[in-house]
Amino acid sequence: MARIFREEITQHRGRLLVALTCMSVVAATTAGTAYMLDPAIKKIFLEPDPTALFVIPLVVIALSLTKALATYVQAIAMSTIGQSVVSNLQRRLSMSLLRADLAWLDKRHSGGLLSSLVNDTQHVQDATAQVMTALVRDGLTMIFLVGVMFYQDWELAAIGVFVVLPGAQVVQKMAKKTRKASHATFEETGTLASLAADALKGIREVRAYGQEDHEIKRIGHSIDRRLGHIMAAIRAKTLSGPVAEALSGVGIATAIIYAGWRGMEGDLGLNNFVSFLGAMMMAYQPMRSLANSMTRLHEGAAAADRVFSIIDTKPGILNPKNPQLLAHPAKGSVVFEHVSFSYDGTHDALRDLSLHIPAASIAALVGPSGSGKSTMMNLIPRFYDAIQGRVLIDGLDVRALSLEELRGQISIVSQDPFLFDDTVAANIAYGRNDATNQEIEDAARHAAAHEFIMDLHGGYEARVGEAGSRLSGGQKQRVAIARAMLKNAPILLLDEATSALDNESERLVQHALEKLMKGRTTIMIAHRLSTIAHADMIFVMQEGELAEQGRHEELLAAGGLYARLHAKGLSEAGV
Ligand SMILES: Nc1ncnc2c1ncn2[C@@H]1O[C@H](COP(=O)(O)OP(=O)(O)OP(=O)(O)O)[C@@H](O)[C@H]1O
Ligand SMILES: [Mg+2]
């Protein structure tokens, strides 16, 4: 929470000053009203004075009006600060998420991260705005009111304060409990969001396997657990108010007894006593609010912990300090030098992999499922960094290039390309915001996508739906190919389409890919014998290592793993 103050709130110094001033005014006018009971009783009842009958009510009215105005201004100023803290945290959070390493994101569920973005930041705001207001306004009000109490009679005041003290401890304890329960609530909110997101994303599987009840039950359990944590927090939170209330009752009763005794002795004036009592009763409200805000502070702190744990993760894959430059246009040769990689630090996904792919050639990666083909591709655009060895493009280590330049040289078309819920045109132009309509259409024609796009309702302006759900698999793939055409990068990474496509669209996609590959360094994970046979070189992977390499005929003749895979029929072997 201290960080929120240091990093976020100090940016609003002017507003904060206004708010603080208004809070002091509120505190002073509240105490002033309590004090006014003293002259009111003295000048009207004890020593009647006709002018006081007009002046005192006028002063009281003026005080309340001033208080009302100050309360309003302070509330607006604090809300503005609180809301801009939220939006700023959301901005920082989304920036961290978009820049985070894939390795970091792999370990988290997007639902939980979204929940932090939307939910946790909101709790931070609630805490900052309310806690600051409570601490300053109610704290000051308390101090002023206690001041009035001491001014009227210090012995009485000392008793009143003394009685209330143990309450502070209870409140402190409850605040800690709130923090724990809130933290658990936020975690569970993330889990709930993840479960719901998964169930919706996988709704076809849910239906096909009749798992509606199972999913509803899972989500229901999460809702129950969340409710449990929330109730624990509420019980702890709510206790602080009544504790404060009960204590102030005891305080008031003690004061009355002591005051009554002293009043009977005749050394305490009625006016002093009424004003004292007024101040003490008025102090109850800010005291409760202070107690409340202690628990809120801890709730906000729990949320802030979660938010900052994301904001503070520094990506490991960064731009180098002095990036080297490729020739423009880059040629696009790709070399792996003794590259090893592991996702989890225990099991090697790639082991001492060395290979050389000359510029403008076509390389096919084959090998059993899980042998490291996709992993090898992931290292080229630095989605992950090699643990040992180097990946070079045109002789330069990919880690020596700026990420922008590196990724500018690479187009990727995956098996299941992702489309954004936007228009077809926007999806093709993704990464080339400056593309003209003509360029977009040309790319689509080259990708054999123009015809089907024209048949869509709205043509290029038709929306593709969430993750492109309104298009068929082959259509999505051709949009992705058009996107890669438009990017026109020298290196092409291809996770080749498989049997998901029917013959006609497979032929179209195949044709589009052949056009795309022309003149580029292409590295493809190949499944179809026809494409593999045409590759300039074939790399056969096995358990993260390069088992064989060569051309189709050479490898067949060698009679190794490739020949065995080939005998089994490459695509049936799940390659
Ligand atoms: N994000 C990840 N986190 C942890 N392990 C992973 C991750 N991605 C892949 N792996 C593991 O790394 C190994 C290599 O996986 P990779 O995806 O490179 O295989 P592949 O050759 O592409 O297989 P396929 O032909 O089935 O796509 C596998 O053992 C896999 O379980
Ligand atoms: Mg793969």
Side-chain angles (χ1 to χ4, degrees), residues 97-113 194 198 201 313 315-317 334 336 338-355 357 363-389 391 398 410-418 473 476-477 480 484 491-501 509 513 522-529 531-532 535 537-549 555 560-562 564-566 568-575:
L97 287 178
L98 280 171
R99 304 238 157 97
D101 285 343
L102 287 179
W104 186 86
L105 289 168
D106 282 347
K107 296 199 194 90
R108 285 156 186 85
H109 196 290
S110 56
L113 298 174
S194 309
D198 258 6
K201 261 190 249 164
T313 32
I317 297 184
V334 176
F336 277 60
H338 304 290
V339 171
S340 294
F341 178 75
S342 167
Y343 287 101
D344 50 16
T346 54
H347 168 260
D348 282 346
L350 293 181
R351 211 172 306 137
D352 197 25
L353 183 71
S354 293
L355 47 84
I357 302 166
L365 296 178
V366 299
S369 179
S371 56
K373 304 182 295 292
S374 301
T375 305
M376 182 244 164
M377 276 202 182
N378 283 335
L379 299 188
I380 301 172
R382 284 189 81 194
F383 288 161
Y384 304 86
D385 268 344
I387 291 169
Q388 272 168 21
V391 179
V398 288
I410 300 169
S411 289
I412 301 177
V413 181
S414 66
Q415 259 175 7
D416 185 19
F418 186 86
K476 269 198 280 191
Q477 208 143 27
I491 298 174
L492 177 63
L493 303 183
L494 219 57
D495 218 335
E496 199 196 41
T498 49
S499 48
L501 308 180
V509 169
L513 282 177
T522 304
I523 303 175
M524 59 176 164
I525 295 175
H527 306 266
R528 249 181 261 103
L529 190 54
T531 33
I532 298 173
M537 63 205 72
I538 300 167
F539 296 101
V540 188
M541 308 272 302
Q542 187 177 27
E543 292 180 12
E545 294 184 73
L546 184 61
E548 301 173 59
Q549 78 177 75
L555 289 172
L561 177 62
Y562 182 80
R564 286 201 296 282
L565 289 171
H566 183 253
K568 275 197 262 175
L570 276 167
S571 33
E572 285 142 30
V575 176

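In listed order, ligands and their atoms are each counted from 1. Every value quoted in this text rests on a predicted model; they were computed, and no experiment measured them.
No side-chain donor-acceptor contact under 3.5 Å links Asn378 to the backbone of Tyr384. When atom types are taken as modelled, the side chain of Lys373 and the backbone of Met524 share no donor-acceptor pair closer than 3.5 angstrom. A donor-acceptor pair under 3.5 Å links the side-chain atoms of Asp344 to the main chain of Thr346, judged by distance alone. Within the 3.5 Å criterion, the main-chain N or O of Leu492 finds no donor-acceptor partner in the side chain of Thr522.
When His347, Lys373, Met541, Glu543 are ranked by how near their heavy atoms come to atom 20 (P) of ligand 1, first place goes to Lys373. The residue among Asp106, Thr375, Leu102, Asp344 with a heavy atom at the shortest distance from atom 15 (O) of ligand 1 is Thr375.
Ring-plane geometry between His566 and Tyr562 is classed as parallel, the angle between the planes falling under 30 degrees on a 0 to 90 degree scale with a further cut at 60.
Any N or O atom pair closer than 3.5 Å counts here, and Gly372 shares at least one such pair with ligand 1.
Using a 4.0 Å cut-off to heavy atoms of Ala349, the atoms of ligand 1 that qualify are 12 (O).
Using a non-hydrogen distance threshold of 4.0 Å, Ser371 registers as a contact of ligand 1.
Contact annotation: Ser374 places an N, O or S atom under 2.8 Å from the Mg ion (ligand 2).
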